[in-house]
Structures are given as C-alpha cells and as structure tokens.
J.: 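Following this message is one structure expressed as structure tokens.
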Amino acid sequence: MALIDLDNTLVDRSAAFGRWAVEFCAEYELPDDALGWLIATDQDGSVPRDWFFGEVKQRFRLAASVDDTWEQYRRRMPDLVSCRREVLASLTLLRDDGWKVAIVTNGQADNQLGKIRRTGLDQHVDAWAVSGELGIRKPRREIFEAATRRCGLDLLSGGWAIGDSPVLDVEGGRAAGLATLWVSRGKDWPTELAPPDRTVRDVVAAVRVLRDEGFEPRDMYRD
C-alpha cells in the first residue's frame, strides 16, 4: 500500500500557484512587487489559506471579501495544476504490480478533488482522503486510516507514506505505523527531525523505490 501526498508530490502545486499569482496581479493591476510578495507570503502552500487571503486583502486593499477571493482561487487552481505523464505511468506500473495506491491530502474538498480529477489522477489511484471532506488533517493518524480503509485494507497491513512535507507526510506516516519516503524536491532534511526511511527527489523515483523493494505486495494482504 502506498499513501501519497498530492501537492508538490503528485502534482506541481508551486508552478500552478505561480501561474495563478501572475493572473491575479494582472486582473487587479497590482504593483510590480506584488508577484514576489504573493509567492513569498504563500510559503509554498504551507500557511493556512484563510490567513493568506486575509493578508492579500489587507495589503492590496481589495474590495472583495476574503471568502470570495479564496473561493475564486479554488475554482481556478485545478485548471492550472499539471501532473506529468511519467507520474501517471509510474502509478499504473505500481498498481499493475499489485500495490494499492491512495492520495492523502490536506485542503478544501472542491480544490483538491478538482485537481485530482482534472489531472486524471482519479483514474490512476484506488482511493483518496481529502481533509476538507473528512474534517481530519495530516499529520493525524485518522486521515491515513481513512485512506487505507478506502483501499479495503487497514494500517496493520503496512505500507508507505510518501510526500514532500517532513512533518505532515513523514512524521505523520511514521506515527501511523507506516514506512516513510520523503520527496525532497532538492531540499535538505530538517536536522531536528528523525530522518525518513528513504529519500528521493521526486515521486517517480519514489515509485521506483517501491517497485525495487523486491517483495510481492499482495503477500502483505493475505490472511
């Protein structure tokens, strides 16, 4: 079983946010420094969206409410997100090998489900667990449990948590009893945290690790 993060793991959320920010600056005719400010304040998607759009409204003195601007953002982002063909092909190979695959992601349901469906990921995984649907966020164990149940399994079956966040994906997965695989995206691991079981640069390499582990995952699911 592979429980995989969505943003900046399966899809390039950072690039999509950059495209949204360019459009946003043009739509509102914002000053030249606005694009850099938006990208810096976003912190790679790690800050709460209600806080972020509150800061946006205040800095640029927007007439639209925080909720309206956030909703507009959620409608647009699924159209801007991309998933590489190599990623989809890797997921197909992994499932052909007998693995169950689920997406585990934080975020509002409309935004995250839109990304999953727009990119075709819904056709390449067995299940997903979205915090906005469930009212449970990573790194809590319960969201990993929900994804596992939707694959027809339980956490006792074992498996891997895969993602780019040291806290949400790696520490969360470890606390849920899963092996952990960090998608580094070229970053350094935080020295204050216990390291993951494995580290790779991107999700295609992560799938390669799972496929090269040398065991038949179906054996894990037998009574």
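None of these values were measured; they are calculated from a predicted model. Only heavy atoms go into these numbers, but all of them, side chains included; no hydrogens, no water, no symmetry mates.
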J.: According to a hydrophobic-cluster definition based on side-chain heavy atoms being under 4.5 Å apart (Ile, Leu, Val, Met, Phe, Trp, Tyr only), do Leu153 and Ile136 belong together?
T.: yes

J.: Would you mind reporting whether Thr41 and Trp51 have side-chain heavy atoms less than 4.5 Å apart?
T.: yes

J.: Hydrophobic cluster membership, with links at side-chain heavy-atom distances under 4.5 Å among I/L/V/M/F/W/Y: are Met77 and Phe24 in one?
T.: yes

J.: Holding to side chain to side chain donor-acceptor pair (under 3.5 Å), I want the full list of residues that pass it with Asp122, two or more places apart in sequence or in another chain.
T.: none

J.: How about CD on Gln58, more than 12 heavy atoms from neighbouring residues, nucleotides or ligands closer than 6.0 Å, or not?
T.: no

J.: Do Gln112 and Asp7 have side-chain atoms, one donor and one acceptor, less than 3.5 Å apart?
T.: yes

J.: Is there a path of hydrophobic side-chain contacts, each under 4.5 Å between heavy atoms of I/L/V/M/F/W/Y residues, joining Val47 to Leu168?
T.: no

J.: For the residue pair Val167 and Leu193, establish whether any side-chain heavy-atom pair is separated by less than 4.5 Å.
T.: yes

J.: Could you report the tightest heavy-atom contact between Ala109 and Val130, atom names first, then the distance?
T.: CA-CG1, 4.0 Å

J.: Residues in side chain to side chain donor-acceptor pair (under 3.5 Å) with Asp126, at least two apart?
T.: Arg95

J.: Starting at CG of Leu181, measure out to CG of Asp197 and round the result to the nearest 0.5 Å.
T.: 8.0 Å

J.: One pair to check against side chain to side chain contact (heavy atoms under 4.5 Å, CB included): Arg84 and Val204. What are the steps and the verdict?
T.: CA-CA 10 Å; Arg84 293 184 293 136; Val204 173; 3.6 Å; yes

J.: Applying salt bridge (Lys or Arg N to Asp or Glu O under 4.0 Å), name anything that partners Arg198, two or more places apart in sequence or on another chain.
T.: Glu213

J.: With rounding to the nearest 0.5 angstrom, report the OG1 to CG distance, Thr105 to Leu10.
T.: 9.0 Å

J.: If I take atom NE2 from residue His124 and atom CG from residue Leu94, how far apart are they, to the nearest 0.5 angstrom?
T.: 12.0 Å

J.: Taking ring-ring contact (aromatic ring centres under 6.0 Å, His included) as the definition, give me every residue that meets it alongside Tyr73, ordered by chain and number, with sequence neighbours left out.
T.: Trp20, Phe53

J.: Quick one: do Val200 and Val183 satisfy side chain to side chain contact (heavy atoms under 4.5 Å, CB included)? Show the steps, please.
T.: CA-CA 5 Å; Val200 294; Val183 176; 4.3 Å; yes

J.: Which residues satisfy the ring-ring contact (aromatic ring centres under 6.0 Å, His included) test with Trp189, sequence neighbours excluded?
T.: Trp182

J.: For the atom pair CG (Asp96) and CG (Leu91), what is the distance rounded to the nearest 0.5 Å?
T.: 11.0 Å

J.: For the side chain of Asp97 and the backbone of Trp99, is there at least one donor-acceptor N/O pair under 3.5 Å apart?
T.: no

J.: Quick test of your reading: applying salt bridge (charged side-chain N to carboxylate O under 4.0 Å, His left out), list the pairs with at least one residue in residues 53-69, sequence neighbours left out, ordered by first then second residue.
T.: Asp33-Arg59

J.: Check each of Leu178, Asp154, Leu210 against Met1 using the side chain to side chain contact (heavy atoms under 4.5 Å, CB included) test, and report the only one that passes.
T.: Leu178

J.: For the CZ atom of Arg49 and the CG atom of Asn106, what is their distance to the nearest 0.5 Å?
T.: 12.0 Å

J.: Just jot down the side chain to side chain donor-acceptor pair (under 3.5 Å) partners of Arg174, sequence neighbours excluded, or say none.
T.: none

J.: Of the non-hydrogen atoms in Pro139 and Phe144, which two are nearest, and what is the gap between them?
T.: O-CE1, 4.0 Å

J.: Just to verify, what does Trp128 make a ring-ring contact (aromatic ring centres under 6.0 Å, His included) with, not counting sequence neighbours?
T.: none

J.: Compare all side-chain heavy atoms of Ser82 with those of Arg19 and state whether any distance is below 4.5 angstrom.
T.: yes

J.: If two hydrophobic side chains count as joined below 4.5 Å and joins carry through other members, does Ile103 share a cluster with Ile162?
T.: yes

J.: Among Arg75, Arg118, Arg74, find the residue that satisfies the salt bridge (charged side-chain N to carboxylate O under 4.0 Å, His left out) test when tested with Asp110.
T.: Arg74

J.: To the nearest 0.5 Å, how far apart are OG in Ser131 and CD1 in Ile143?
T.: 5.5 Å

J.: What closest approach, in Å, do Val203 and Ile4 show between heavy atoms, and which atom pair accounts for it?
T.: CG2-CG2, 4.1 Å

J.: Can you pull the side-chain hydrogen bond (donor to acceptor under 3.5 Å, both in side chains) pairs that have at least one residue in residues 134-153, sequence neighbours excluded?
T.: Asp5-Lys138, Lys138-Asp169, Arg140-Glu142, Arg141-Glu145

J.: Do Leu93 and Val209 sit in the same hydrophobic cluster, where Ile, Leu, Val, Met, Phe, Trp and Tyr count as joined when their side-chain heavy atoms come under 4.5 Å apart?
T.: no

J.: With sequence neighbours excluded, give me every salt bridge (charged side-chain N to carboxylate O under 4.0 Å, His left out) pair touching residues 22-31.
T.: Glu23-Arg76

J.: List the atom of Leu30, the atom of Ala34, and the distance in Å for their closest heavy-atom pair.
T.: CB-CB, 3.5 Å

J.: Sequence neighbours left out, what pairs pass salt bridge (charged side-chain N to carboxylate O under 4.0 Å, His left out) with at least one residue falling in residues 155-168?
T.: Asp164-Arg185

J.: What residues, two or more places apart in sequence or in another chain, satisfy side chain to side chain donor-acceptor pair (under 3.5 Å) together with Asn8?
T.: Ser14, Asp44

J.: Run the numbers on Asp42 and Arg13 for salt bridge (Lys or Arg N to Asp or Glu O under 4.0 Å), then give the verdict.
T.: CA-CA 11 Å; Asp42 173 65; Arg13 185 264 177 200; 2.6 Å; yes

J.: On a heavy-atom basis, which atom in Val11 and which in Cys83 lie closest, and how many Å separate them?
T.: CG1-CB, 4.1 Å

